[in-house]
Structures are given as structure tokens and as C-alpha cells.
Protein chains: 2
Amino acid sequence: MTALSIGKLSKSTDVKVPTIRFYEQIGLLPEPDRTDSDRRVYGDRDVRRLAFIKHARQLGFTIDGIRTLLALSDQPDRDCDEANRLAQEQLAAVESKIAQLQALRGELWRMVEARCRGAAADCRVIETLADHARCMQDHVEPSPFAR
Amino acid sequence: MTALSIGKLSKSTDVKVPTIRFYEQIGLLPEPDRTDSDRRVYGDRDVRRLAFIKHARQLGFTIDGIRTLLALSDQPDRDCDEANRLAQEQLAAVESKIAQLQALRGELWRMVEARCRGAAADCRVIETLADHARCMQDHVEPSPFAR
DNA sequence: CTTGATCCTCTAGTCGCTAGAGCATGCAAG
DNA sequence: CTTGCATGCTCTAGCGACTAGAGGATCAAG
């Protein structure tokens, strides 16, 4: 059973030290034991939990979603419809975000392609931005997933 | 020359009233004239400027990028390398974001596909999240573009 | 004239961190 | 054993881009 300082935990999970403290503060990570001089001491459980959190964040789950997922995995006797549902939702959000970004990419392509070489007066980039009618696809609301 | 209240401007550009005031506060929109009773009065110029801003935001430009773009379009005698550069950057950011999201989508597909029907104890969703080794692609840093 | 919509300013909250101040400790080199 | 730097601690404030709410003034329709 390894005992890790916050710095070691940070290195072994690739999550920054202030972020770990932040996760503790908002209750995503349990309050760890402390040394005599008040330093946090972590164990393998914490490494696994933090890795879980990190992975879920990378997949775009919100902190709240992760909270649910963690509660689920902490009580493994419940059924996991909730987890499936969250994953589904996440997938739908990612897919709509992709679709939206592909539309934006199209428009940016046109802008970059038509780029001007002269004065900004008839700069295509600026003109395209100024005249929304130029763009063919409708833009979508920024998805709740973003970032 | 139409004179618009902030509410009319909001409706005609589909930008919320508080957002318009916020844009004024941070200097993206000029301070408009006021009526005797201190209400903001806008004109066509403002409609165009706000539409420009909205469009650029939808394309993912940051407020700072938009500030540059607006400065460029306000001084049309300058050349527009800067605008081209910004558009290029934006395109690159969007493309990398798409690639990243496609990787995430792949992983979420696998999670959703393998979804369990029993107890959370061996829930694939949770297990996948817990065991990062399961995922084939490396996750990328969230791009600066997101949202 | 009344009522409800719209407007005003100001402050604070959102999300998920990140940065900094101002200290206390731990550890290795000299 | 001292020096000095890395790491740790708590606390507060900041980021981007809004959004929400309080508490009040004004406008326009019926």
C-alpha cells in the first residue's frame, strides 16, 4: 500500500496539484489522511478514483455527471441504467458537437480559401463575417458539451 | 435611419439583452446614444456590428479575436494579413477539435455498445471509465477553441 | 389611469479550473 | 548543521463569456 504526497499523486495521474485540491473541495475526492504537519497522504484507492475522474472529464462528462457515476460505482449493487443513460447522453452531445463543428469548418474553409491579398476594405474574411447571408448552413447553439 | 431600443436590437440580431449590455461594457459595442430617460438608442450601424460579432462568436472566435477583426474592419486601409491569419488559426483549432471529438465518440460508442443490463458491479460504462487502458486512442488536451 | 412589459444599474453566480500571496515544512548538498 | 530550494499548506481572486436576480424607473396599450 503506497502512500503518496499530493505531488506524487499529481504526477502519477497527470492531474495538477491545485486541481486535486479543488476536487477535494467540491467533494469529488474524499478528504485524505494527513501527516503530523498537515500534508495530504493518498493511497491506491485515490489514484484509481482520480484516474476515473480524469478519464471521465476527458470524455466530456460534467463534474455533476461524474458525481453520479462515482456514486454508482461506489454502490455496485444498484443497477446501472443511470450510467448507460449518461453515456448515451454524452454520446449524443458529442455527435451534435461534431456536426456543428463540421458546419463551422465548412464556412471557415470558404473564408480561408477566398482570402484576400489587398486591403481590409474588401477582405473576404471580414466581409463573410459581416454578411451572415453568405453562409449556407445555419449555426447551431453551442452544445452543452463544449469544454 | 431606424432607431432601435435594446429590446428591438436584441430581437433583430437574436442576441440577448444582457449580452448586448455586456458587449458594451467590455468595449465590443460603442456606448450608444441615450434618450432623456437614459434608455439606449441604436441604429443600423449597431445592428451590423452586433451581427458581425454574433457570427464571429458562432464561428468560435474569441472576444479578443473579434476585437482584432473589428479594429481591422474599422480601419479598412490596412491590409488584412491579420484577418487571414485569425481565420486560419480558427480553422486549425476547429479541425483539431473535430479530430479530438471523433476519438471521444469512438470511445463512447464502445461504452454504449457494451452497456450492461445487470448491476453496476460489472457495468461496462463505469469499468471503461475506471480502466483507462481499455481505450485505444490517447486523449488530447481540450482545445482552446471549445465553447 | 392602470397594468404589465421593458428598461435601467448593480452585484453575484455559473463552470472548471488556474494563479498568486504569504507562510510552513521536507530534503539533499556542502 | 546549515543553507537553500522544492514542495506543501490555506485563502482569495481571476479567467471567459455570459446569465440571473434585486430593486427601481419608465413606456405604451387598453
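Lettering follows sequence order; numbering is per chain, from 1.
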Looking at A:Arg40 and A:Glu24, does any basic side-chain N land under 4.0 Å from a carboxylate oxygen?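 Here A:Arg40 pairs with A:Glu24 in a salt bridge, since their nearest N and O are under 4.0 Å apart.
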
Pairing of B:Arg49 and B:Asp46 as salt bridge, 4.0 angstrom limit: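 Looking at B:Asp46 together with B:Arg49, the answer is no, because their closest N to O distance does not fall below 4.0 Å.
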
With respect to the phosphate group of [N], does any side-chain polar atom (N or O) of [X] fall under 4.0 Å of OP1 or OP2?
X       : N      : value
B:Arg34 : C:dC7  : no
B:Ser37 : D:dC27 : yes
B:Arg39 : D:dT26 : no
A:Tyr23 : C:dG16 : no

Is A:Ser5 touching bases, backbone alone, or none of the nucleic acid, heavy atoms closer than 4.0 Å? sugar-phosphate

Under 4.0 angstrom, heavy atoms only, what part of the nucleic acid is A:Ile6 near: base, sugar-phosphate, or nothing?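 Sugar-phosphate, no base atom in range.
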
Over all heavy atoms of both residues, which pair between A:Arg57 and A:Thr62 is shortest? Give the atoms and the distance, please.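 The answer is NH1-CA, 4.0 Å.
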
Figure out the [atom1]/[atom2] separation between [X] and [N], and round it to whole Å.
X       : N      : atom1 : atom2 : result
B:Leu9  : C:dC7  : CG    : P     : 10 Å
B:Arg21 : D:dT19 : CZ    : P     : 13 Å
A:Glu24 : C:dC17 : CD    : C1'   : 16 Å
B:Gln25 : D:dG16 : CD    : C1'   : 13 Å
B:Ile26 : D:dT19 : CD1   : P     : 12 Å
A:Gln58 : C:dC17 : CD    : C1'   : 15 Å
A:Leu50 : C:dC17 : CG    : C1'   : 14 Å
A:Lys16 : D:dC15 : NZ    : C1'   : 13 Å

Please answer whether the main-chain N or O of B:Leu9 pairs with a side-chain N or O of B:Thr13 as donor and acceptor at a distance below 3.5 Å.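 The answer is yes, because a donor-acceptor pair under 3.5 Å joins these two groups.
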
B:Asp36 or B:Ile63: which one's nearest nucleotide on DNA chain D is closer to the 5' end? B:Ile63

Applying side chain to side chain donor-acceptor pair (under 3.5 Å) between B:Glu107 and each of A:His55, A:Gln90, A:Gln58, report the one that passes. A:His55

Between [options], which one does the side chain of [X] approach most closely?
X       : options               : result
B:Phe22 : D:dA17, C:dC8, D:dC9  : D:dA17
B:Thr19 : C:dC7, C:dC17, D:dT19 : D:dT19
A:Arg40 : D:dT10, C:dC7, C:dT18 : D:dT10

